[in-house]
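Here the structure comes first, spelled out in structure tokens, and everything after it is commentary.
Heavy-atom basis, side chains included; hydrogens, waters and symmetry copies ignored.
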Amino acid sequence: MPPALPGAAGGRNVAGAPFDAAIAGGGPAGAACANVLARAGWRVLLADAGEGNVARVGENLPPAVFSLLAELGLREQVLADGHRPSHGSWSFWGDSAGQASDTLRHLQGDGLQLDRACFDARLRSAASLAGAHVCQATHLQIEPPAQGVPMHRIRARQAGGATDAVEARWFVDATGRASAPSIRLGAQRIGHDALIAFYQRLQSPGHGDRDGRTWVEAVEDGWWYSALLPGGDRLVALLGDADLLDRRELLADGGLWRRLQSTGHLSALCTAHGYQPCTAAQGADASSSELDHAAGKRWLAVGDAALAFDPLSSKGIGNALYTGLRAAQAMLAEDGGDALATARYAAHLRSIHHVYRAQLAQVYAAERRWAAAPFWARRHARGSAGLPPPAAATLAPAGAAADRVGPRH
């Protein structure tokens, strides 16, 4: 387990000398960015809103992402933190036979099913040890930029209600898909679909389930995802379009569990191990979206705030680490005299999302069993419209072709 953050309890006063960078959001993207900047000698505020303990859909770390952890100096620590190995996937996509994919031949070995609270704490601890000023249970609200003022003016609101005034030369939005700070600074959110996830944890009385592979099963109104979590619970999630799924029915007591019984394969797995729901069903945005520009005058967006992916792609954590690292490098470069560094960063992210959407359309096009159903018809129409990917735009680090979009991860 990661060490406790030194002096990072909620309520820590952050007023005083201006920061070089203030980062709103203490998830992987924000923490990675803070780590790099602090190691470069910057005075960094990393504000974690304290919302990292909820279950998430698709907490899978593909082996290709280990190179990004190595870049942060954290690969060995994360591997030693007790996350569950992920040996590959089972996907029922395109037919009912099922296709297995394993990591036996992958150069970097197995992936991981993450304990996200532990993983995020490890990254924040590393940022703190690098010198970042980490505040728990703290929200940052940026004020609209004032003409001729070189500093960003920020309000740091803590859980107890106390508010500090903060100034920073740079501001980083790592707040997730809502990206409220970026929108406040003039960016617009572009949505490409209406995908939503309804998810729930299941518990087995015997804890005999040892299948650490990711499960993906297509159905008429979307697809199901499942993974065995480090604590022994199994996460199940139904993904479909917000206007096509009955939110009230699925969030009602037992609603998502009853819907799961209509699946052909995942329900059989759950029955075999005696799984029953142990938490209430919840809903979350799972759509593909991006900012029209992820950088402006001394501000950048990272992680899901900058560009968000369909969970089918397994790109969430990789995107968070990658954009956090590259945003920090762009900020350092611009401070060093490269006036176009952050503009190139923003343009690169747009290219990444363009390539991703083309790849995603190809994956959805492979499932034709319910071609007339609205969920699949929408995705097939996008694929047939064509989206030629520009060259040299990639999210994965060099040699990480295994982190491509697809149900096999």
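Side-chain contact between Y345 and V302 is present, with heavy atoms from C-beta onward closer than 4.5 Å. Taking the side chain as every heavy atom from C-beta outward, D233 and L202 never approach each other to under 4.5 Å. The closest side-chain heavy-atom distance from S86 to T214 is below 4.5 Å. Side-chain contact between P311 and L195: present, with at least one pair of heavy atoms (C-beta onward) separated by less than 4.5 Å. Counting heavy atoms from C-beta outward, I190 and H192 have side chains that approach closer than 4.5 Å. Between R116 and I317, the closest side-chain pair of non-hydrogen atoms falls below 4.5 Å. In this structure, the side chains of L312 and W93 come closer than 4.5 Å at one or more pairs of heavy atoms. The side-chain heavy atoms of V78 and R122, taken from C-beta on, include a pair separated by under 4.5 Å.
One finds the CZ atom of R177 at 5.0 Å from the CG atom of D304 (value rounded to the nearest 0.5 Å). Taken from CG in L46 to CD1 in I23, the straight-line distance is 5.5 Å, to the nearest 0.5 Å. How far OG1 of T175 is from CD1 of I183: 8.5 Å, rounded to the nearest 0.5 Å. Here CG of L123 is found 10.0 Å from CD of Q77. Values are rounded to the nearest 0.5 Å. Rounding to the nearest 0.5 Å places CG of D173 at 10.0 Å from CG of L300.
Closest approach of A156 to L140, counting heavy atoms only: CB-CD2, 3.6 Å. Considering every non-hydrogen atom in both F309 and I352, the closest pair reads CZ-CG2, 4.2 Å. When every heavy atom of L45 is checked against every heavy atom of C135, the shortest pair comes out as CD1-SG, 4.1 Å. Looking at every heavy atom in both residues, P62 comes nearest to S314 through CG-O, 3.6 Å. For the residue pair A34 and A132, the shortest heavy atom distance occurs at CB-CB, 4.3 Å. Residue A126 comes nearest to N35 through the heavy atom pair CB-ND2, 3.6 Å, listed as atom of the first residue, atom of the second, then distance.
Taking a cutoff of 4.0 Å between a charged side-chain nitrogen and a carboxylate oxygen, E71 and R326 qualify as a salt bridge. In summary, R379 and D241 engage in a salt bridge, as defined by a charged side-chain N under 4.0 Å from a carboxylate O. Between R259 and E249 there is a salt bridge, since at least one side-chain N of the basic residue sits less than 4.0 Å from a carboxylate O of the acidic one. In this structure, D20 does not pair ionically with R43, as no charged nitrogen and carboxylate oxygen lie closer than 4.0 Å. Taking 4.0 Å as the cut-off between side-chain N and carboxylate O, D164 and R155 do not count as a salt-bridged pair. The pair R357-E290 meets the salt-bridge criterion, with a side-chain N (NZ, NE, NH1 or NH2) lying under 4.0 Å from an Asp/Glu carboxylate O. Ion pair R213/D211 flagged as a salt bridge, since at least one NZ, NE, NH1 or NH2 atom sits closer than 4.0 Å to an Asp/Glu carboxylate oxygen.
Using a 3.5 Å distance cut-off with no hydrogens or angles, the side chains of S226 and R234 do pair a donor with an acceptor. With 3.5 Å as the limit, one finds no donor-acceptor pair spanning the side chains of T271 and Q261. Judged by distance alone, the side chains of D335 and W170 do bring a donor and an acceptor atom under 3.5 Å apart. Between the side chains of D209 and Y275, a donor-acceptor pair is found at a separation under 3.5 Å. No hydrogens or angles considered: a donor-acceptor pair under 3.5 Å links the side chains of Y356 and S288. Side chains of T279 and Q200: a donor-acceptor N/O pair is absent below 3.5 angstrom, by distance only. Side-chain atoms of D115 and H83 include no donor-acceptor pair closer than 3.5 Å.
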### Task
Give the C-alpha distance, both sets of side-chain angles, the deciding distance and a yes or no for side chain to side chain contact (heavy atoms under 4.5 Å, CB included) between F19 and V166.
CA-CA 8 Å; F19 289 93; V166 176; 3.6 Å; yes
### Query
Could you walk me through whether R169 and H152 pass the side chain to side chain contact (heavy atoms under 4.5 Å, CB included) check?
CA-CA 6 Å; R169 294 192 303 114; H152 289 294; over 6 Å; no
### Task
Step by step, work out the side-chain hydrogen bond (donor to acceptor under 3.5 Å, both in side chains) result for R189 and S289.
CA-CA 7 Å; R189 194 84 192 173; S289 61; 2.9 Å; yes
### Message
One pair to check against side chain to side chain contact (heavy atoms under 4.5 Å, CB included): L238 and W223. What are the steps and the verdict?
### Response
CA-CA 6 Å; L238 171 62; W223 55 277; over 6 Å; no
### Query
Going through the checks in order, is the side chain to side chain contact (heavy atoms under 4.5 Å, CB included) test met by V216 and F92?
CA-CA 6 Å; V216 174; F92 300 91; over 6 Å; no
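Pairs passing the ring pair (Phe, Tyr, Trp, His ring centres under 6.0 Å) check and including a residue from residues 226-256, sequence neighbours excluded, do not occur. Each salt bridge (charged side-chain N to carboxylate O under 4.0 Å, His left out) pair with one or both residues in residues 128-143, not counting sequence neighbours, would appear here, but there are none.
The main-chain N or O of N319 is found under 3.5 Å from a side-chain atom of T323 such that the two form a donor-acceptor pair. Panel note: side chain R184, backbone Q141; no donor-acceptor pair is recorded below 3.5 Å. Proximity of a side-chain donor or acceptor of R84 to a complementary backbone N or O of Q113 within less than 3.5 Å is not detected. Checked by atom type and distance alone, the side chain of S128 never pairs as donor or acceptor with a backbone atom of R124 at under 3.5 Å. With hydrogens and angles ignored, the 3.5 Å screen pairs no side-chain donor or acceptor of R382 with any backbone N or O of L360. Using modelled atom types, no side-chain atom of Q203 and backbone atom of P205 make a donor-acceptor pair closer than 3.5 Å. A distance-only check finds a donor-acceptor pair linking the side chain of H353 to the backbone of A308 [under 3.5 Å]. In this structure, E217 contributes its side chain and H265 its backbone to a donor-acceptor pair below 3.5 Å. Using modelled atom types, one side-chain atom of W376 and one backbone atom of E220 make a donor-acceptor pair closer than 3.5 Å. Remark: the backbone N or O of V363 is not paired with any side-chain donor or acceptor of E367 at under 3.5 angstrom.
Heavy-atom neighbours of D243 CG from other residues, nucleotides or ligands within 6.0 Å: above the threshold of 12. The environment of R153 atom CZ is sparse: at most 12 non-hydrogen atoms of other residues, nucleotides or ligands sit within 6.0 angstrom.
Applying the ring pair (Phe, Tyr, Trp, His ring centres under 6.0 Å) criterion to H207, with sequence neighbours excluded, gives no partner residue. For L251, the side chain to side chain contact (heavy atoms under 4.5 Å, CB included) partners are F198, R247, A281, not counting sequence neighbours. Applying the salt bridge (charged side-chain N to carboxylate O under 4.0 Å, His left out) criterion to D193, with sequence neighbours excluded, gives no partner residue. Residues satisfying the side chain to side chain contact (heavy atoms under 4.5 Å, CB included) criterion with A187, sequence neighbours excluded, are S182, L291, D292, H293, W299.
The aromatic rings of F375 and Y364 stand perpendicular to each other, their planes meeting at an angle above 60°, with 30° marking the opposite boundary.
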